[in-house]
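Order of the sequence lines sets the chain letters (A, B, ...), proteins ahead of strands, with each chain counted from 1. Below, each value reflects all heavy atoms present in this structure, side chains not excepted, and no hydrogens, waters or symmetry copies.
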Number of protein chains: 2
Amino acid sequence: MAQPGTVDRILDTAEVLFAQKGFAETSLRAITSKAGVNLAAVNYHFGSKEALIQAVFERFLSPFSQALDAKLTEMEETGVPDTPENLLSLISRLALGTHPEDPQRAAVFFRLSGQAYSQPVGHLREYLHQQYGGVFSRLQDHMQRALPNMPPRELFWRVQFGLGAAIFTLSGMESLKEISRKDFNTEVTEADITRRLLPFLIGGITAPMP
Amino acid sequence: MAQPGTVDRILDTAEVLFAQKGFAETSLRAITSKAGVNLAAVNYHFGSKEALIQAVFERFLSPFSQALDAKLTEMEETGVPDTPENLLSLISRLALGTHPEDPQRAAVFFRLSGQAYSQPVGHLREYLHQQYGGVFSRLQDHMQRALPNMPPRELFWRVQFGLGAAIFTLSGMESLKEISRKDFNTEVTEADITRRLLPFLIGGITAPMP
DNA sequence: TAGCGTTCAAAACATACGTTTCAAACATAC
DNA sequence: GTATGTTTGAAACGTATGTTTTGAACGCTA
């Protein structure tokens with residue numbers, strides 16, 4: 001019988017395990033046993049492990065992508081000026097707040113993104129590109145309008161650098177949290193890091209050209 | 001018979017395959033067959049796959065780490081001032097030029113670093129930390145001297161951000177090269193990116209505090 | 001209630017993996 | 001040339017993986 005949520009229980013468990021240990025290192029048996037469902041359920045509902053991975057990302061990125069799209073439209077309509085500050089803090093707020101019911105969710109989001117990016121050429125990367133490349137290039141356009149004097153090529157790379165700084169740091173947070181705890185006797189949260197990230201990103205993206 | 005270079009042939013092949021596809025996705029059979037050595041050779045010479053991974057990193061990072069150490073000492077002795085520019089361009093030159101006989105080597109270096117960082121908690125990360133944490137904190141000290149007014153905690157995170165931007169971008173170069181080729185009709189090299197990286201990193205690390 | 005499509009559970013399947021074994025081939029020292 | 005320790009080669013081992021199969025349990029409609 002369609003017991004409420006076999007599919008969702010698989011997705012919930014898979015996204016946590018994928019974020020913790022990576023895709024290859026997470027077996028279907030680990031997912032299904034922790035989720036309390038039968039092993040065959042993954043192949044039955046999703047078709048394959050690869051399809052499950054894509055489903056996990058779709059459930060994650062679609063709300064974020066749609067929210068970003070809506071916010072950009074809202075900015076255009078209400079005449080909020082395109083500035084690096086506005087754009088970057090918009091993204092930061094969305095990344096932290098797309099799933100407000102679960103604050104831990106943001107950490108999983110960042111770790112999953114890092115896993116996806118460091119993933120070899122596999123199908124995931126191109127899937128993400130063709131699925132969410134549109135929003136990304138729209139964001140890039142806004143950033144270009146915010147910095148009209150910067151050559152598009154230079155801006156492209158600087159956005160990539162900023163993306164790297166953000167995803168890389170936030171996806172490796174666990175280890176960094178520990179170091180910060182040891183060296184500075186301070187607990188840090190994802191929100192702390194994104195707050196510190198903003199000036200860094202703005203300084204980097206708007207830096208004078210050599 | 002100790003045919004000249006079984007160990008080296010394994011290391012050469014392993015480092016390329018690890019960089020291309022990741023650790024879990026690269027089997028010992030793929031390595032040994034491409035290297036033209038027997039499957040058992042890995043366990044005979046290295047003991048295990050995990051030990052092989054560490055050996056690959058040691059061969060890579062030790063020359064870099066030693067060179068960086070020497071250059072920092074040289075800076076101290078000759079009185080070269082600690083500035084973000086000097087420190088960052090030093091690292092950039094070393095990363096690109098530690099293996100001058102093979103320009104491709106730098107790309108492998110970056111991709112391997114990215115794989116190591118995005119790796120889950122596994123033993124590799126702590127191995128790298130206890131092996132090369134010393135040079136890293138020495139570099140951090142120099143950076144602190146370059147920016148005496150910045151709180152150490154803030155500097156720590158900004159260095160992490162910079163590290164993320166560098167490794168993340170350079171380790172995903174293949175895809176980014178392709179995009180750049182399509183969008184801008186330009187071929188880019190690792191050296192191009194590091195040249196563009198420098199102003200971004202300096203701007204980010206020295207950005208005014210909020 | 002009978003039939004039907006959907007979902008579940010348990011088991012088996014085929015394959016790929018890291019590792020181990022053991023004998024043969026080799027280099028070196030005596 | 002023989003003996004000894006080291007390295008190679010081919011095969012097997014045990015295990016873990018993703019996937020498939022089969023039949024039972026279930027909800028729904030006629």
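- When rounded to the nearest whole Å, the span between CG of B:Asn43 and P of C:dC22 equals 16 Å.
- Side-chain nitrogen and oxygen atoms of B:Thr6 include none within less than 4.0 Å of the OP1 or OP2 phosphate oxygen of D:dT7.
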Below 3.5 Å is the cut-off: list the nitrogen or oxygen pairs between protein and nucleotides 10-17 of chain D, distance only.
| from | atom 1 | to | atom 2 | distance (Å) |
| --- | --- | --- | --- | --- |
| D:dA10 | N7 | B:Asn38 | ND2 | 3.3 |
| D:dT17 | OP1 | A:Ser27 | OG | 3.4 |

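- For the pair A:Tyr44 OH and D:dA24 C1', the computed distance is 14 Å after rounding to whole Å.
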**Message:** With salt bridge (charged side-chain N to carboxylate O under 4.0 Å, His left out) as the criterion, how do A:Glu190 and A:Lys177 come out once you've worked through the C-alpha distance, each side chain's angles and the decisive distance to 0.1 Å?
**Reply:** CA-CA 10 Å; A:Glu190 276 73 13; A:Lys177 272 181 177 174; 3.6 Å; yes
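- The distance between atom NE2 of B:His45 and atom C1' of D:dG9, rounded to the nearest whole Å, is 12 Å.
- The separation between A:Phe23 atom CZ and D:dG18 atom P is 14 Å, rounded to whole Å.
- For the side chain to side chain contact (heavy atoms under 4.5 Å, CB included) with B:Leu87, the qualifying choice from B:Arg145, B:Met143, B:Gln140 is B:Met143, the only one to do so.
- In this structure a side-chain-to-backbone donor-acceptor pair under 3.5 Å is missing from B:Arg93 to B:Thr98.
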**Evaluation steps, side chain to side chain contact (heavy atoms under 4.5 Å, CB included), between B:Phe46 and B:Ile10** = CA-CA 10 Å; B:Phe46 298 94; B:Ile10 292 176; 3.7 Å; yes
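- Between its two ends, the helix from C:dT1-D:dA30 to C:dC30-D:dG1 turns its axis by 10°, counting five pairs per end and rounding to 10 degrees.
- Residues A:Glu154 and B:Arg196 are paired through a salt bridge, judged by an N-O separation under 4.0 Å between the basic side chain and the carboxylate.
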**Request:** Might you work through the salt bridge (charged side-chain N to carboxylate O under 4.0 Å, His left out) test for B:Asp12 and B:Arg105, ending with a clear yes or no?
**Result:** CA-CA 10 Å; B:Asp12 289 340; B:Arg105 200 79 185 279; 5.3 Å; no
Mind listing the side-chain donor-acceptor pairs of residues 62-69 of chain A below 3.5 Å, one per line with the distance, residues two or more places apart or on another chain?
| from | atom 1 | to | atom 2 | distance (Å) |
| --- | --- | --- | --- | --- |
| A:Ser62 | OG | A:Glu58 | O | 3.1 |
| A:Ser62 | OG | A:Tyr132 | OH | 3.2 |
| A:Asp69 | OD1 | A:Arg138 | NH1 | 3.1 |

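- Under a cut-off of 6.0 angstrom, the local environment of NZ in B:Lys71 is sparse, with at most 12 non-hydrogen atoms contributed by other residues, nucleotides or ligands.
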